[in-house]
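To start, the structure itself, in structure tokens.
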Amino acid sequence: MKVYFGSVGFLVLFLSFFNAPLAAAKSLTLCDEIGSLGFDDARVSRPVPIEDYNPFDVAPACEKALVAEPENPRFHFQLGVAMALLLNPDKALEHLEIAAAKDYDAAHKFLKMFDKKMAEQMNGSSSQSADNSDTVLDQCDRIGAIPIDTRSVGQPVPHKEYNAQAVEVACRKALEANPDNPRFHFQLGMALLGTGKVSDALDHLKFAADNNYVAARLALAKFDENMGK
């Protein structure tokens, strides 16, 4: 079964820090230091704010932690979340289910939210359209959202309906009003790739990636992979 993750918003992060001293701070793994989430009551490190969370770093850190402690459900959970954000649903579910089988509460919470998102995907776009009926989307978001972007706010546009030229115009206009918006930079960058303006596209994708926009980093990694072939 092919699985799609919807929005990064289903990672419900409570960004408050606890004030108790971390007695075991020196023994923390990197997986814990950079992969702890606010809704995980069993975490051993301060939760990472969503804007600082980087799944590209968390995934290898937790894979390394699991080499030393392969049965640790916390590491499995933190790796599973990172894999979800990296759009690797098979690996994500594998590790989340291992953690859940070991009664790791945050894994159960995450999987329940995942099931809810899957139900929304199965219901199609009609329910999302209804939800967005009172929300004014920028045209860049309306016609430029694509499936690989976990932070898109518009309904992903099917490939056959995607119009790169129209997206370019809309997203350039959106950036005039909001020049620092990484989502607009990402969507413009993807449109520019589609119209063959590679150099300009890479500038916008790099801007988004530098602002920790996951989909932009994925796109750049794929571009570099293809260029290396």
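These numbers come from the heavy atoms of this one structure, side chains and all, not from hydrogens, waters or symmetry mates. Since the model is a prediction, treat every value here as computed from it, not as a measurement. One is the number of the first residue; the rest follow in order along the sequence.
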Problem - Row check, Phe56 ring normal vs Arg217 NZ/CZ: under 6.0 Å, within 45° - result: yes
Exercise for the section: Compare every heavy atom of Gln78 with every heavy atom of Cys62, then report the nearest pair and how far apart it is. Expected result: SG-CB, 3.8 Å
Exercise for the section: Give me the one residue out of Asp200, Thr195, Leu202 that meets side chain to side chain contact (heavy atoms under 4.5 Å, CB included) with Val198. Expected result: Leu202
Practice task
Check Ala59 against Ala82 and note the closest heavy-atom contact, atom names and distance.
Solution key: N-CB, 3.9 Å
Exercise for the section: Sequence neighbours left out, what passes side chain to side chain contact (heavy atoms under 4.5 Å, CB included) with Asn178? Give chain and number order. Expected result: Asn181, Phe184
Problem - Sequence-distant partners of Glu94, salt bridge (Lys or Arg N to Asp or Glu O under 4.0 Å), two or more places apart - result: Lys91
Practice task
Could you identify which residues cluster with Val169, counting Ile, Leu, Val, Met, Phe, Trp and Tyr as linked when any side-chain heavy atoms lie under 4.5 Å apart, either directly or through a chain of such contacts?
Solution key: none
Completion exercise
Heavy atoms of Pro55 and Pro60 approach each other most closely as O-CD, 4.4 Å
Practice task
Applying salt bridge (Lys or Arg N to Asp or Glu O under 4.0 Å), name anything that partners Asp41, two or more places apart in sequence or on another chain.
Solution key: Lys109
Problem - Sub-4.5 Å side-chain heavy-atom contact between Asn163 and Ile143 - result: no
Handout entry: Test item: side-chain donor near acceptor, Asp40 and Tyr104, under 3.5 Å
Key = yes
Exercise for the section: Could you tell me whether Arg43 and Asp32 make a salt bridge, using a distance below 4.0 angstrom between a side-chain N and a carboxylate O? Expected result: no
Exercise for the section: Indicate yes or no for a side-chain donor-acceptor contact from Asn212 to the backbone of Tyr53 under 3.5 Å, with no hydrogens or angles considered. Expected result: yes
Handout entry: Student check: side-chain heavy atoms of Arg74 and Val44 closer than 4.5 Å
Key = yes
Problem - Salt-bridge present (Glu71, Lys102; N to O < 4.0 Å) - result: yes
Practice task
Using modelled atom types only, decide if a donor and an acceptor are shared between the side chain of Gln187 and the backbone of Val167 within a distance under 3.5 Å.
Solution key: no
Problem - Salt bridge Glu33-Arg46, side-chain N to carboxylate O under 4.0 Å - result: no
Problem - Distance-minimising heavy-atom pair for Asp138 and Cys140 - result: OD1-N, 2.8 Å
Practice task
Could you pull out all residues at least two apart from Phe186 that satisfy ring-ring contact (aromatic ring centres under 6.0 Å, His included)?
Solution key: Tyr213
Problem - Exercise: identify the closest heavy-atom pair between Ala216 and Ala208 - result: CB-CB, 3.6 Å
Practice task
Please list, chain by chain and in numerical order, all residues satisfying ring-ring contact (aromatic ring centres under 6.0 Å, His included) with His185, sequence neighbours excluded.
Solution key: His204, Phe207
Handout entry: Residues Arg172, Glu176: salt bridge by 4.0 Å N-O rule
Key = no
